[in-house]
Amino acid sequence: MKVKFKILVSVLLAIAVIAAFWILIRNNSFDVLQPAGTIGDQQRDLIIFASALSAIIVIPVFAMTFWIVWKYRVGHKKPGAYRPEWSKSRLAETIWWGIPIILIGILGVIIWTSSHTLDPYRKLDSEETPLRVQVIALEWKWLFIYPEQNVASVNFLQIPVGRPINFEITSDAPMNSFWIPKLGGQVYAMNGMTTKLHLQAHTPGDYTGKTANISGEGYSGMTFTTRAGSEADFSSWVKGAQQNGQELTMTGYNKLAEPSKNVAPILYSSRPESLYDTVVMKYMMPGHETTHEHAKDAAEGDHHE
Amino acid sequence: MNTQEVAKVNNKYQLGFWVYLMTDCLLFGSLFATYAVLRGATYGGPTEADIFEMPFVLAETLILLTSTFVCGLGLVAAKAGKQTWTIILFGLTMLLGIAFLAMELSEFSKLIGEGFSWQRSAFLSAFFVLVGTHGAHILAGLIWVVVMLVRVTQRGLTPNNLRRLSLFALFWHFLDVIWIFIFTVVYLMGVAK
Amino acid sequence: MLGQLTLEAFQKGLIEMGAQIGLVVGGLVVVGLLFYFKKWKWLWKTWITSLDPKKIGIMYLILAAFMLLRGLADVLMMRAQQAMSSGDATGILSSDHFQQVFSAHGTIMIFFVAMGVIFALFNLIVPSQIGARDVAFPFMNSVSFWLFFVGVALINLPLIVGEFSAAGWLAYPPLSGLEYSPGVGVDYWIWALQIAGIGSLLSGINFLVTIFKMRAPGMRMMKMPIFVWSVLGSVSLIIFAFPILTATLGMLSLDRLIGTHFFTSDFGGNPMMYVNLIWAWGHPEVYILILPAFGIFSEIVATFSGKRLFGYKSMVAAILAITFLSFTVWLHHFFTMGAGANVNAFFGIMTAVIAVPTGVKVFNWLFTMYRGRVRLTTPMLWFLGFVVTFTLGGVAGVLMSVPAIDFQVHNTLFLVAHFHTMIIGGVLFGFFAGLTYWFPKFAGFRLNERLGRYAFWCWLIGFLTAFVPLYALGLMGAVRRMDHYSSELGWQQLFIVAGVGVAIICLGVFFQLLQLVVSIIQRKKNMVGADPWDGRTLEWAMSTPPKEYNFAVLPTVTERDAFWEMKQKKQLPSRNYEDVHVPKNSGIGVMVGMSALAAGFGIIWHIWWLALIGFIAVLVLLIVRLTSDDTERVIPRAEVERLENMKAGAA
């Protein structure tokens, strides 16, 4: 009786704790589970599917654990049969090797297909013209270059909703990771090379972007705002940068690249046309080709190893 | 200890040493993998074809192979209880090993003199460290064989000394195998481009 | 003369000074007490120069416990910082200090707590479980321990002089290169791990040969205790993985010392190569830690269910599968580095595959309890806590094995919660279960059950309180290693809850320490004989406490669960005593350690003459010992008989 009472109290307490936790978090924005981008949506769906698949194993395991411990424990008035030498069962082994293998097989297929459809290098299926953005990770801020509009900004990314954004990313600082959780997954930013990411917002709003790889003292402050707005918003933002922004020269860039933390957004009306390429190449010998870049067909985008 | 106990102990040491050699294989494997990735990263500096001199390397290789052969003979002599021959043959092994190392050091200092040290490029870093790590193992082997020559002179061909000589021979053979890989992967493949 | 070492290197901020002074004073107090009680000779003879693996195991345990406290202190600082530093508040630590703290925390917990405990258990349990007296190479065992000690020393010295690495527990370049980390911090990290790593590698070789060559007559591989199989898997991984670490740390140190360009951003260097190499070591490392924990649970569940382990062959197959597969998954630690869909998919699939043999083990444990008679002692509580937590953490792992999902949770607090679940719920709970289980064998009395239960519940509840919020935060987009975040996010409450969780865990640790003290005080009331749990394996056949030589006559084995068989057949231990050979004590191990410490310290601070002397000393000491022929002593037959008859009182 005492044991049953203890268990009842524990269960009630657990429910209370879960309820309290729910109250604590229900107003938080779960960026990964409530995305505003098409890639994020697909990633969230995968999370749900994989969790459901896991539940097929987890729930029976928990149920079995509690039932077996309950029924066979010393102290139970009528415990189950005691068979100390029984230690083999082909049937049991087949089931608990077999079912996980099947489930993992399913998961394997999901892994294969989703690794390809959600490859960060893969251009998005869209009729819209992509917007090209070049990203340079600095000590401890993000520089965004819009090569087609010839404007640039620090720690602020304006994008139009409904158009694919083609990011080309590099670093002029230690290894970073370019991430806008509300829109979709991250990719590393590294010296002397370009990585790629393709995202698309479907809902307007302000979304926080950040770096997810430790890159020095100012790491925590290296956040930026992504503003997803209409086409008109985007055009007027570009005009605003062209009219009110400073000119970014190479000297200015070198100054910008010096370590600084918690940098407020800056607008640039123009930048040296070869700025991004120069930054990538400065870590490589002039004229030296990277051994790992190779062109692939347009649907997949190119990769490096 | 009786022969049965001696055999059991030797068995233990043999297995232990083979396992150690396997770990050394993995160490070299990591360095080889790094070399493979970085061999083209010359950063405008010299390439493999620019700096490798095959006749020289071939001579080094033959010297090392001979020293391994002589080492094998030395072990035969030791097991046959011939102390003088053991000392002569392992001494010869040592001399050939010293010659190998001297040649390697001269290759290194020539490159450094020309400005092509490990600081010049990732390729050169990988080269110096891979080949240099092998050289460091050779040096360790030379220290080992000198100590063994002293001990055999002092105490003769005791079971313990026999065991240590046979483990040394294993080590020396192993370094030869690693060198064959270096010769092939680094030098031959390097100049074949 | 003193390289880069200056007086300035001793200057510390306020909080750091607390640690600095505390460590120095603490050390002086210990040394002072040893002088006062005139215990130096005893310490030297009985512990420091001992080649008895049981003593070496206890020494590993003491160091690991000390490092657990240090690691927990780091946790308290991190939780405090993250609970406070929201919006305008900046917490109690500077960014740099915070980054050193989390780097130290991870390094200490993995390399010096977890590795320390597994080597402790290997030393304490493996020889007797296989019916042997010692490991294959007792002197090398001592060297391994003292190299581990050097690692502990080098990881704590930054508290006194210099600084520690701020580049995380794995120190990725280019951040860990000379350009971005010019101080001694990364060098301390490199050499602590390099030196301790060599000790680990030597232990791996030692225990592999021990298991293969020193089993009692009749104990074929398929009759070995399952714990020994799990150790075999673990040391196989050590043997294959640690050389990679040695090579990689070596290359990073050369970049920093002599200007090579393995991992620099320019001159052709390739930081991605470092990431690949370090994780080719790093992933097997976590299986090195978990396999023995699985082995411990197998022993405990069988013993406390009064029943044979279910599906022994299947469990062995699972161990071998996990051992092999753990080398095929390393890239899942950097799916986001851009290797391409095919490569990511391959490693993702292999990661999912390794979940199968791992999960299978849980079913085997459940079916061991099924139709058994389950005694819910403290070790079993730890097991049940493991089932709950490890399963949930495993689900998180399965999620992350899908590269596309990983892109959204990589390097977030979701990841941090996952791996802590694995290590705390799996490795640490396993160790606590094992330590509680085997304690009476060596001490001669049981640990206080009630305090053990309190400790368990504090750990379980504290763990869930500390880490469930982190899973949630990760899904909210919170990255790891933050020392500050915006107040508008509403994250602070969750960090406070996590802080409370850690406080509850600390309460659990307090109960464990109290348990130890109370048990020692009350030991006369809790004396037990050699077989307090009705055990199944040979370590319980030793006397309690065990003699130096473990068994007066080495047992002959006919079945699995050898001791259980002996009890069923009512076999009395043989009295055919003979002379017993045991290793002589040796001070060379500790001297090698001290020389290695000098060498490491010298390299770190560029005190080249010190480094050279230390290195040469190691060489000379090893040559002297390894060509010595006088390393054993004999315990004569009469003495063995006397010692065996002495135990007439124990049950």
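All values below were derived from every heavy atom in this structure, side-chain atoms included, with hydrogens, water molecules and symmetry-related copies excluded. Fair warning: this is a prediction, and the values are worked out from it, not measured in the lab. Proteins come first, then strands; the chains are lettered A, B, ... in the order of their sequence lines, and each starts at number 1.
Contacts between A/Ser114 and chain C at a heavy-atom distance below 4.5 Å involve backbone atoms as well as side-chain atoms. Only the backbone of A/Lys88 comes within contact range of chain C, judged by heavy atoms closer than 4.5 Å. Heavy atoms closer than 4.5 Å to chain C are found in the side chain of A/Ile68, but not in its backbone. When heavy atoms are compared at a cutoff of 4.5 Å, A/Asn213 approaches chain C by way of both its backbone and its side chain. Only the backbone of A/Ser29 comes within less than 4.5 Å of a heavy atom in chain C; its side chain stays farther off. Looking at A/Trp112, both its backbone and its side chain come within 4.5 Å of chain C, counting heavy atoms on both sides. For A/Val69, the part lying under 4.5 angstrom from a heavy atom of chain C is the side chain only. Of the two parts of A/Leu33, the backbone and the side chain both hold a non-hydrogen atom closer than 4.5 Å to a non-hydrogen atom of chain C. Looking at A/Glu139, the atoms closer than 4.5 Å to chain C (heavy atoms on both sides) all sit in the side chain, from C-beta outward. Interface residue A/Ala81: only backbone heavy atoms are found under 4.5 Å from chain C. In this structure, chain C has heavy atoms under 4.5 Å from both the backbone and the side chain of A/Gln186. For a residue to count as touching a neighbouring chain, one of its non-hydrogen atoms must lie under 4.5 Å from one of that chain's; by this rule A/Asn191 touches chain C with the side chain only.
Looking only at heavy-atom pairs under 4.5 Å with chain A, the residue among C/Arg371, C/Met482, C/Arg480, C/Met400 that has the most is C/Arg371. In terms of heavy-atom pairs under 4.5 Å with chain A, the best-connected choice from C/Pro174, C/Ala404, C/Ser95 is C/Ala404. Ranked by heavy-atom pairs shorter than 4.5 Å toward chain A, the options C/Tyr312, C/Phe334, C/Tyr370 are led by C/Tyr370. In terms of heavy-atom pairs under 4.5 Å with chain A, the best-connected choice from C/Asp266, C/Leu366, C/Val402 is C/Leu366. Counting heavy-atom pairs closer than 4.5 Å to chain A, the top residue among C/Val360, C/Leu464, C/Ile349, C/Thr351 is C/Val360. Of the listed residues (C/Asp406, C/Leu376, C/Val395, C/Leu399), the one with the most heavy-atom contacts under 4.5 Å to chain A is C/Leu399.
Atom-to-atom distance recorded for C/Thr336:OG1 and C/Phe407:CZ is 7.5 Å, nearest 0.5 angstrom. Rounded to the nearest 0.5 Å, atoms OG1 (A/Thr211) and CG (A/Leu138) are 11.5 Å apart.
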* To do: Would you check, one step at a time, whether the test ring-ring contact (aromatic ring centres under 6.0 Å, His included) holds for C/Phe367 with C/Phe363?
  => CA-CA 6 Å; C/Phe367 267 56; C/Phe363 290 109; 7.9 Å; no
* **Intermediate values then yes/no, side-chain hydrogen bond (donor to acceptor under 3.5 Å, both in side chains), C/Thr264 and C/His261** => CA-CA 5 Å; C/Thr264 53; C/His261 290 290; 3.0 Å; yes
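Counting all heavy atoms, side chain and backbone alike, A/Ala189 lies closest to A/Ile169 at CB-CG2, 3.5 Å. Of all heavy-atom pairs spanning A/Thr223 and A/Ser220, the tightest one is CG2-O, 4.0 Å. In terms of heavy atoms, C/Ala498 sits closest to C/Pro469 at N-CG, 4.4 Å.
With ring centers used as reference points, A/Tyr188 lies 6.0 Å or more from C/Tyr172. The aromatic ring centres of C/Phe310 and A/Trp96 sit less than 6.0 Å apart.
Salt bridge C/Glu565/C/Arg308: present, at least one basic N to carboxylate O contact under 4.0 Å.
By the 6.0 Å and 45° rule, A/Arg73 stacks over the aromatic ring of A/Trp70.
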